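Everything on this sheet refers to the single structure shown next.
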Amino acid sequence: MPEVLIGAFPDVGASYFLSRLPGFFGEYVGLTGARLNGAEMLVFGLGTHFVPSKVFVLVQCNQEYI
């Protein structure tokens with residue numbers, strides 16, 4: 001969480017979902033402010049879909065067909 005980098009602790013919303021991550025991963029992320037990439041978000045159940053930046057433009061262009 002970005003607020004950790006300036007010395008504040010994660011807000012209530014982040015405390016809720018970080019505490020439910022497997023193992024001590026939520027504690028680690030909450031205390032260190034580590035940033036997660038798309039693959040890590042999927043692995044830990046924090047994301048449901050991932051679009052690589054290389055194909056994001058294609059998704060935007062074809063949005064009207066979805």
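Predicted model only: the values in this text are computed from it and were never measured. Note that these values count all heavy atoms, side chains included, but never hydrogens, waters or copies made by symmetry.
- Distance check, rounded to the nearest 0.5 Å: CG of L18 to CG of L46 gives 7.5 Å.
- The heavy-atom pair separating M41 from L36 by the smallest distance is SD-CD1, 3.6 Å.
- In terms of modelled atom types and a separation under 3.5 Å, the side chain of E40 and the main chain of N37 share a donor-acceptor contact.
- Linking Ile, Leu, Val, Met, Phe, Trp and Tyr residues whenever their side-chain heavy atoms come within less than 4.5 Å leaves F24 and V29 in two separate clusters.
- Every ring pair (Phe, Tyr, Trp, His ring centres under 6.0 Å) that F25 has, sequence neighbours left out, goes to F44.
- Atom CZ of F50 has more than 12 heavy atoms from other residues, nucleotides or ligands within 6.0 Å.
- Both F17 and V43 belong to a common hydrophobic cluster when Ile, Leu, Val, Met, Phe, Trp and Tyr are linked at side-chain heavy-atom distances under 4.5 angstrom.
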